[in-house]
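Each remark here refers to the structure printed beneath this line.
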Amino acid sequence: MIIKKFSAAGFRNIEKCSIEFSEGLNLLHGMNAQGKTNALEGIYVFARGRSFRAREDKELVRFGSDGFNLKIEYSDKNGEQSLEYSLYGRERLRKKNGYRLKGVSEMLGSFRAVLFYPDNLEIVKGGPDERRDFLNIAISQCYPEYVKYYSSYKKALENRNCLLKAAQKGLFADENEIYSWSYVMAEYASFIYIMRDEYVERIKPHSSRIMSEISSGKEKMDIEYSSDIPAGIKDRTKVKEEYVRVFTSSIDREKSAGVSLYGPHRDDLLIKINGNNSRIYASQGQQRSLVLALKLSEGEVIKDICGEYPIYLFDDVLSELDAGRREYVLKGLEGKQIIITSCESEEYENLGARIIEVTEGDYVSAYRQ
Ligand code: ATP
Ligand code: MG
């Protein structure tokens with residue numbers, strides 16, 4: 001997959017822009033607060049369905065503007081494609097190749113990108129929600145239907161939690177309703193489990209190989225999906241039965257807690273380094289390597305499932321890696337398209353990158369053919 005052009009209007013500090021990219025390495029270069037990350041954010045909206053750093057889309061609207069419009073032109077194994085996303089007032093519009101899409105789930109799975117930015121270190125350092133987010137975002141790019149299962153699960157969970165909360169407060173909560181929501185949750189949870197389990201199995205061999213390569217064979221990385229389902233169950237109906245059992249056998253305890261204590265919303269992804277939990281034992285350098293290994297593996301799994309590599313968006317992270325790891329990444333990604341941001345340009349000029357100078361939301365390509 002190759003992105004050829006990104007255009008935006010009224011987005012963040014961008015009044016209007018059109019940036020062309022080369023195959024291979026591209027650098028968005030400029031001083032702080034000029035709009036480097038804003039461009040990556042705009043591109044990644046098409047992969048994730050929404051911004052990776054704004055809570056609400058209205059934060060993305062340029063101050064004083066009445067809305068924004070984003071467009072990418074790219075090519076994939078089926079040919080030339082375009083995606084558009086705009087928000088003006090309450091009017092939200094998504095288009096693929098000029099045709100209106102019904103919603104975000106129709107947009108997902110078309111354009112795929114791996115984003116690596118400094119906060120991603122939280123995947124190792126942070127709580128389980130960071131690791132679930134990693135899985136959710138990665139899986140939804142390969143299997144867009146995952147998003148529907150997940151949002152249906154969350155709705156059922158909210159309903160069940162409302163009843164449990166009422167019970168905790170001593171208010172009336174229909175026992176039959178709690179059971180019904182347990183069955184609904186089990187149905188969607190079983191799909192989520194199967195997809196997460198398969199995804200983790202796919203990413204495992206890549207991440208341990210990459211970690212071993214980064215560390216010249218010194219560090220062993222292992223990942224493990226942690227859920228309420230005993231390992232080894234691969235049949236969805238059996239998984240569903242297991243969830244029904246878990247959800248219906250814990251209702252008394254959940255009434256005292258006022259919340260659902262089991263299910264995919266409590267899952268975790270255990271990341272181990274040399275056999276130990278990396279959240280507790282990994283050094284800073286090891287944490288960085290582990291996240292790097294996960295991110296590069298995410299790209300490999302996209303290739304395995306979808307048949308082509310994604311675009312790699314690296315926000316300010318390469319400069320934080322030591323020279324050896326930086327070289328490993330750039331070598332490993334040779335032949336793939338990368339867009340990186342940095343305040344430094346010298347090293348990338350030497351690597352033949354297309355340099356795009358970023359100043360106050362203006363993007364000028366310094367590259368001449
Ligand atoms: P750094 O090197 O510090 O990471 P950057 O070039 O990546 O900088 P961005 O995060 O892309 O910087 O852009 C930040 C700029 O965009 C800031 O000046 C910020 O005030 C501005 N900005 C963010 N949101 C909006 C908005 N909705 N309207 C106008 N300007 C905005
Ligand atoms: Mg930035």
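One-based numbering, in listed order, for ligands and for the atoms of each.
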Residues Arg132, Asp129: salt bridge by 4.0 Å N-O rule: no
Ligand 1 contact on Glu59 by region, counting heavy-atom pairs under 4.0 Å: backbone
Nearest-contact summary for atom 11 (O) of ligand 1 - protein heavy atom, Å: Asn38 N, 2.8 Å
Ligand 1 contacted by Lys58 (non-hydrogen, < 4.0 Å): no
Sub-4.0 Å atoms of ligand 1 with respect to non-hydrogen atoms of Gly35: 5 (P), 6 (O), 9 (P), 11 (O), 12 (O), 13 (O)
Shortest heavy-atom approach to atom 12 (O) of ligand 1 - which of Ala33, Pro118, Ser65, Gly64: Ala33
Lys/Arg-Asp/Glu bridge criterion (N-O < 4.0 Å) met for Glu84, Arg94: no
Presence of salt bridge, Arg196 and Asp267, under 4.0 angstrom: yes
Metal check, the Mg ion (ligand 2) vs Asn32 N/O/S, cut-off below 2.8 Å: no
Short side-chain to backbone donor-acceptor contact, Asp222 and Lys272, under 3.5 Å: no
Centroid separation Tyr312 to Phe116 less than 6.0 Å: no
Distance from atom 3 (O) of ligand 1 to nearest protein heavy atom, with residue and atom: Asn32 ND2, 3.1 Å
Lys155 bridged to Glu158 by N-O distance under 4.0 Å: no
Contact with ligand 1 for Val61, non-hydrogen, under 4.0 angstrom: yes
